[in-house]
There are 2 protein chains.
Amino acid sequence: MTKKFPSPEAIAAWARLVRVSRQLVERTEDALKANGLPPLAWYDVLHELAEAGEGGLRPFELIDRILLAQYSVSRLLARLEADGLVEKLPVSDDGRGQTVRITTSGREMRRRIWAVYGASIADQMGDKLSAQDLKTLASLLGRLRNPPISD
Amino acid sequence: MTKKFPSPEAIAAWARLVRVSRQLVERTEDALKANGLPPLAWYDVLHELAEAGEGGLRPFELIDRILLAQYSVSRLLARLEADGLVEKLPVSDDGRGQTVRITTSGREMRRRIWAVYGASIADQMGDKLSAQDLKTLASLLGRLRNPPISD
DNA sequence: TCCTTATCGATGCAATTGCATCTATATGGA
DNA sequence: TCCATATAGATGCAATTGCATCGATAAGGA
């Protein structure tokens, strides 16, 4: 960690970034709760698994994609399985592991969550900034990532 | 909640925003932990109280400034008090309430946290974007806020 | 004054999270 | 083959969080 201090612009941008993202996520979580739906993290997993298709994903692959701790994923999957939204299959060539696949009702739940989640994104982002501004925003944010995304 | 779907640009910007802010905050929290310092939330409170000066702040005023639930603030203040970083004073004209004031060691702790926090902001934001880009970013984010900030 | 309602802050309890560690299997070298 | 080490995933326990509610004081109207 370099020993130095941030510019006023960096501080202002940081504060905005942290505040705004918290507010947006919170509003979305509230909307989900209000509709009796599970938290965003569930969507993230269901989304990744839906993308992965029939082959499913190993839990450790999921850890890379959604950024959660190993134990968080382990428990999240246990809850999803208990709700019948995913199924765990033993994997032939690695006795330690398993493959997680989304079920039909998992896909159904994903759709129901998206109805609320997508609307929340539209309300909170699409309605506030033009397509051009959204691209600029994404690009600037991409440069903050680690590793940065140039696009 | 309007029933509609977000544009691809809105989805991309949302994903970036959520991911990047999570990553940045996480790295900062890790840096604090690595230096044996308390979480960011402590800094937020100490910062607000330092700004407020001798008069201190009522807990409910703190709730407005840092966006935390009432019970979170109540417990956070209890921990800060237990660590001698803040002190609670009865308030004369309202028997229900109290005034919270930062102590000398609270100011000291704030400085120590800032040494790490500020460096993290500089590393993660100041070094990645120009002052102009940081202003653009803050401005775009401001328009996502509720209520929006025009600047 | 009395009563109803609102506000301030704390807290019991259940659920969730974080940390450390565990079990089981895999891998690679002697 | 045997052993040391690494990786996959689960879990016990303590700390933290979220929800609901509580106790206490305040405010406002009848």
Side-chain angles (χ1 to χ4, degrees), chain A residues 22 25-45 48-49 52 55-83 86-101, chain B residues 22 25-45 48-49 52 55-83 86-101:
Chain A
R22 272 234 306 251
V25 169
E26 209 166 279
R27 277 170 185 264
T28 304
E29 294 279 14
D30 287 348
L32 290 174
K33 224 171 288 181
N35 285 82
L37 294 169
L40 278 184
W42 288 40
Y43 181 84
D44 292 341
V45 171
E48 292 301 334
L49 292 179
L57 285 177
R58 299 282 301 267
F60 71 87
E61 296 176 295
L62 224 31
I63 291 172
D64 299 337
R65 286 170 170 72
I66 61 185
L67 40 101
L68 285 180
Q70 183 270 320
Y71 63 81
S72 299
V73 170
S74 175
R75 284 167 173 153
L76 183 43
L77 288 175
R79 282 172 216 160
L80 289 167
E81 188 187 27
D83 274 32
V86 307
E87 54 189 350
K88 295 179 178 179
L89 310 164
V91 54
S92 56
D93 62 337
D94 187 340
R96 296 167 301 183
Q98 60 197 233
T99 291
V100 184
R101 206 164 56 184
Chain B
R22 272 234 305 250
V25 169
E26 209 166 276
R27 278 171 186 264
T28 304
E29 294 279 14
D30 288 348
L32 291 174
K33 224 171 289 182
N35 285 82
L37 294 169
L40 278 184
W42 288 41
Y43 180 85
D44 292 342
V45 171
E48 292 300 334
L49 291 179
L57 285 177
R58 300 282 302 266
F60 72 87
E61 296 176 294
L62 223 33
I63 292 171
D64 299 338
R65 287 172 170 71
I66 60 185
L67 42 99
L68 284 181
Q70 183 269 323
Y71 63 81
S72 300
V73 170
S74 175
R75 284 168 174 154
L76 184 43
L77 288 175
R79 283 173 216 162
L80 289 168
E81 188 187 26
D83 274 32
V86 306
E87 55 189 350
K88 294 179 178 178
L89 310 165
V91 53
S92 56
D93 62 336
D94 187 342
R96 295 166 303 180
Q98 59 197 233
T99 290
V100 183
R101 205 163 56 183

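The model shown is predicted, which means the values in this text are computed figures rather than measured ones. Labels below follow one simple rule: chain letters A, B, ... track the order of the sequence lines, proteins then strands, and each chain is numbered from 1.
Counting non-hydrogen atoms under 4.0 angstrom, Gln70(B) reaches a base of the nucleic acid. Residue Arg75(A) is classed as a base contact, given a heavy-atom separation below 4.0 Å to a base.
By the 4.5 Å heavy-atom criterion applied to side chains, Leu32(B) and Trp42(B) are not counted as neighbours.
Checking side-chain atoms of Arg101(A) against main-chain N and O of Gly55(A) turns up no donor-acceptor pair under 3.5 Å.
Closest approach of Val73(B) and Pro59(B) over heavy atoms only: CG1-O, 4.2 Å. What you find for Leu67(B) and Glu26(A) is that their closest heavy atoms are CD1-OE1, 4.2 Å. Smallest separation of non-hydrogen atoms from Asn35(B) and Ala31(B): OD1-O, 2.9 Å. Here the closest non-hydrogen pair linking Gly56(B) and Ala52(B) is O-CB, 3.8 Å. Between Gln98(A) and Arg58(A), the shortest heavy-atom distance links the atoms O-CD, 2.9 Å.
The stretch residues 33-43 of chain A touches DNA chain D through Lys33(A), each having a heavy atom under 4.0 angstrom from the strand.
Val86(A) pairs with exactly one of Leu57(A), Val100(A), Leu76(A) by the side-chain contact (heavy atoms from CB on, under 4.5 Å) rule, that one being Val100(A).
Note: OH (Tyr71(B)) to P (dC22(D)) measures 18 Å, nearest angstrom. If you measure from atom CG of Leu77(A) to atom C1' of dG9(D), you get 10 Å, rounded to the nearest angstrom. Atom pair Arg58(B):CZ and dA24(D):P shows a separation of 18 Å (rounding to whole Å applied). Atom pair Phe60(A):CZ and dG9(D):P shows a separation of 6 Å (rounding to whole Å applied).
The side chain of Lys88(A) places no N or O atom within less than 4.0 Å of a non-bridging phosphate oxygen (OP1 or OP2) of dA8(D).
To the nearest 0.5 Å, atoms CG (Leu62(B)) and CG (Leu49(B)) are separated by 5.5 Å.
Protein chain B contacts DNA chain C over a range whose 5' and 3' limits, counting nucleotides with an atom under 4.0 angstrom from a non-hydrogen atom, are dT7(C) to dC19(C).
Residue Arg79(A) is the one, among Asp93(A) and Arg79(A), whose nearest nucleotide of DNA chain C lies closer to the 5' end (criterion: closest heavy atom).
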